[in-house]
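The next block holds one structure in the form of structure tokens; read it before the comments.
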Amino acid sequence: MKIYEKSLNEMKKIVARYTEQTIDFEIEKTVSEIIQNVAQNGDQAVRDYERKFDSVNLADFSIPAFQLDQALDSIDEDLRAALELAKQNITSFHKQEIENSFVDVSTPGIMRGEKITPLASVGLYVPGGTAAYPSTILMCGIPAKLAGVKRVVMVTPPQPVGINPAVLAAAKLAGVDEVYQVGGAQAIAALAYGTETIPAVDKIMGPGNIFVATAKKQVFGKVAIDMVAGPSEIGILADESANAKEIAADLLSQAEHDKWARAMLITNSKSLAEAVSKEIERQLSTLPRQEIARTSIEDRGFIAVMENTAEMFELMNDVAPEHLEVQLKNPTQYLGLIKNAGSVFLGRYASEPLGDYVAGPNHVLPTGGTARFASPLGVYDFVKRTQFIQFDRQNLKADLKAITKLARTEGLEAHARAIEARFEKED
């Protein structure tokens, strides 16, 4: 793993190259054509793409509800217990995010407020290529149901041997209402525009490959989306007290996702940097997904050795990683220094996979530096807010002069007249 010993300013330039987002115009064009085809030709276009991309001939996209029940009954007891533990913790965490409508009547004659309404329908994209992700279903489906969404739709790529039972079992536990075996950009297009089989939804959530991410970006506006997710990321801040073997294992936990994943260690200990680099190589040699992880580590991974803790945090805030581990002595004291991160893992025993599965906080997180302005998926992503006001005559008249002055300052005469019309007879 590459080790850099540079100044803070030099490292910021290097980090900018590592986290730079590029646009692949060929993929943009391909995805645009897929979306247009699905929007125009519905089910037939989806079938054609599934045959082309997934080598599956589908007579029916829909997975009947009884198959979810069967899947839950068929998985082994340990897996079911793990999924149920995850569900329990995800539920208890996300319950804290539930928002309530409010009404402000502090001034007599004036009522102001905000009404919280769940979205009518959402679509959850669940990857199904090189790995199955039942955890993603729980992370998306449970907050949706807590928000009060009535129709939760799941799409996942079809498999020659059928959908993984663990995925269907998780859908059952998460309260998913409809499941369709459709993947890729065509699945996103179907959710956005609807087909004869798949009615359109209001918002699309969940991670996917570059084609899925690009499709979500292109349908935004027709529907809402959670975010345009990029490759998985982990950033680790560690000092000499950290365990090199554990740090290496945590870095590889994200590198094995795909070859574009980013694994980054920032430390003030050169000896730790060298030990972690050696451990990475040792652990890679026995990793089942070695080829993927090695490409990620060699092309996009790095270790930066900085002068002090302040520089470490400043550089990591520039990275704005999806996952941030703080492997420092007394890690909680540094929480205030963290400005940009999707999810923070404090201390030796808060390893990143804990958050992926059972801790409770969501694992659908902002990537590619977007943690500078974006947030993890939560209940708040499945609701909309509607404001309302009511004024009596006396309070409107009291504000008439201010309203009309502002309207005419902006050159909007009809705005001013709309207020004055309420008082013409009196004048």
Between the side chain of Glu97 and the main-chain N/O of Val379, is any donor-acceptor distance below 3.5 Å? yes
What pairs of residues pass the salt bridge (charged side-chain N to carboxylate O under 4.0 Å, His left out) test when at least one of them lies in residues 345-357, not counting sequence neighbours? Glu246-Arg348
Non-hydrogen atoms of His415 and Ala407 that approach each other most closely: CB-CB, 3.7 Å
Got a sec: does the CZ of Phe25 have more than 12 other heavy atoms crowding it under 6.0 Å? no
Do the non-hydrogen side-chain atoms of Thr309 and Phe313 ever get within less than 4.5 Å of each other? yes
Carboxylate-amine/guanidinium proximity below 4.0 Å for Lys12 and Glu311: no
Do Asn340 and Arg372 pass the side chain to side chain donor-acceptor pair (under 3.5 Å) test, and can you show the C-alpha distance, the side-chain angles, and the key distance before you say yes or no? CA-CA 5 Å; Asn340 304 321; Arg372 292 178 294 106; over 6 Å; no
Do His94 and Pro361 have side chains that approach each other closer than 4.5 Å (heavy atoms only, starting at C-beta)? no
So, Gln36 and Ser32: side-chain donor and acceptor under 3.5 Å apart, yes or no? yes
Write out all pairs satisfying ring-ring contact (aromatic ring centres under 6.0 Å, His included) with one or both partners inside residues 192-250, taking only residues at least two apart or from two chains. none
Row check, Tyr380 ring normal vs Arg385 NZ/CZ: under 6.0 Å, within 45°: no
Taking the basic N atoms (NZ, or NE/NH1/NH2) and the acidic carboxylate oxygens, is any pair closer than 4.0 Å for Glu10 and Lys13? no
Provide the closest heavy-atom pair for Leu68 versus Leu168 in the form atom of the first, atom of the second, distance. CG-O, 3.7 Å
Residues, nucleotides or ligands: over 12 heavy atoms within 6.0 Å of Glu196 CD: yes
Apply side chain to side chain donor-acceptor pair (under 3.5 Å) to the pair Asn37 and Tyr49, showing each step before the final yes or no. CA-CA 10 Å; Asn37 191 9; Tyr49 287 126; 3.0 Å; yes
Donor-acceptor contact below 3.5 Å, side chain Lys339 vs main chain Gly336: yes
Does Leu173 reach the side chain of Glu84, with side-chain heavy atoms less than 4.5 Å apart? yes
Correct closest heavy-atom pair for Ser343 and Leu365 would be CB-CD1, 3.7 Å
Distance col, row Gln186:CD vs Leu191:CG, nearest 0.5 angstrom, shows 11.0 Å
Pairing of Glu274 and Lys278 as salt bridge, 4.0 angstrom limit: no
Return the CG to CG distance between Asn330 and Leu346, rounded to the nearest 0.5 Å. 11.5 Å
For Asn9 and Ser7, test the side chains for any donor-to-acceptor distance below 3.5 angstrom and give the result as yes or no. no
Is any side-chain heavy atom of Lys115 closer than 4.5 Å to one of Phe102? no
Is it true that a side-chain atom of Arg262 and a backbone atom of Arg300 form a donor plus acceptor pair closer than 3.5 Å? no
Could you tell me whether a side-chain N or O of Gln327 sits under 3.5 Å from a main-chain N or O of Gly347, the two making a donor and an acceptor? yes
CD of Gln254 to CD1 of Ile297, rounded to nearest 0.5 Å, is 10.5 Å
Main-chain N/O of Gly42 paired with Thr195 side-chain donor or acceptor, under 3.5 Å: no
Look only at the side chain of Tyr125 and the backbone of Gly184, and say whether a donor-acceptor pair between them is shorter than 3.5 Å. yes
Exceeds 12 heavy-atom contacts within 6.0 angstrom, atom CD of Gln70: yes
Pairing residues for Ala249 by the side chain to side chain contact (heavy atoms under 4.5 Å, CB included) criterion, not counting sequence neighbours: Gln283
Kindly compute the distance separating OG1 (Thr197) from CZ (Arg47), expressed to the nearest 0.5 Å. 6.0 Å
Over all heavy atoms of both residues, which pair between Gly183 and Pro158 is shortest? Give the atoms and the distance, please. N-CD, 4.0 Å
Kindly indicate whether the side chain of Ile34, heavy atoms from C-beta on, has any atom under 4.5 Å from the side chain of Phe53. yes
Lys217/Glu28 salt bridge by N-O under 4.0 Å criterion: yes
Does the side chain of Lys245 reach to within under 4.5 Å of the side chain of Arg282, using non-hydrogen atoms? yes
Quick one: are Gln390 and Ile110 in side-chain contact, heavy atoms under 4.5 Å? no
Indicate the atoms forming the closest heavy-atom contact of Pro160 with Val56, along with that distance. N-CG2, 4.3 Å
Before giving the answer on side chain to side chain donor-acceptor pair (under 3.5 Å), spell out for Ser269 and Thr267 the whole-Å C-alpha distance, their side-chain angles and the decisive distance to 0.1 Å. CA-CA 5 Å; Ser269 170; Thr267 181; 4.8 Å; no
Under 3.5 Å, side chain of Arg112 to main-chain N/O of Val103, donor-acceptor pair present? no
Please test Ser106 against Asp104 for side chain to side chain donor-acceptor pair (under 3.5 Å), starting from the C-alpha separation and ending with a verdict. CA-CA 6 Å; Ser106 56; Asp104 174 18; 2.8 Å; yes
Once side chain to side chain donor-acceptor pair (under 3.5 Å) is applied, what residue pairs with a partner in residues 142-158 remain, sequence neighbours excluded? Lys145-Asp177, Arg151-Glu178
Taking atom CD as the centre, does Glu307 end up with more than 12 heavy-atom neighbours from other residues, nucleotides or ligands that are less than 6.0 angstrom away? no
Evaluate the side-chain contact (heavy atoms from CB on, under 4.5 Å) criterion for residues Ile137 and Met154: first the C-alpha distance (whole Å), next the side-chain angles of each, then the deciding distance (0.1 Å), finally the verdict. CA-CA 8 Å; Ile137 303 161; Met154 185 182 95; 3.7 Å; yes
Could you tell me whether a side-chain N or O of Gln159 sits under 3.5 Å from a main-chain N or O of Pro157, the two making a donor and an acceptor? yes
In Å, rounded to the nearest 0.5 Å, how long is the span from CG of Asp24 to NZ of Lys29? 12.0 Å
Pairs in or reaching into residues 58-69: which pass side chain to side chain donor-acceptor pair (under 3.5 Å), with residues at least two apart or in two chains? Asp69-Lys172
Please work out which of the three classes, parallel, tilted or perpendicular, describes the rings of Tyr4 and Phe302, given edges at 30° and 60°. perpendicular
Do you know the tightest heavy-atom contact between Ala293 and Leu252? CB-CD2, 4.3 Å
For Gln44, is there any backbone N or O sitting under 3.5 Å from a side-chain donor or acceptor partner on Asn41? no
Hey, could you give me the CG/CG distance between Leu265 and Leu272, rounded to the nearest 0.5 Å? 6.0 Å
Within a reach of under 6.0 Å around OH of Tyr349, are more than 12 heavy atoms found that belong to other residues, nucleotides or ligands? no
Non-neighbouring partners of Leu79 that pass side chain to side chain contact (heavy atoms under 4.5 Å, CB included), sequence neighbours left out: Ile75, Asp76, Leu83, Ala166
Between Glu233 and Glu322 (side chain of the first, backbone of the second, donor and acceptor by atom type, cut-off under 3.5 Å), is there such a pair? yes
Strictly below 4.0 Å, N to O, side chains only: are Asp226 and Lys216 in salt-bridge contact? yes
Does a side-chain heavy-atom distance below 4.5 Å link Val182 with Glu50? yes
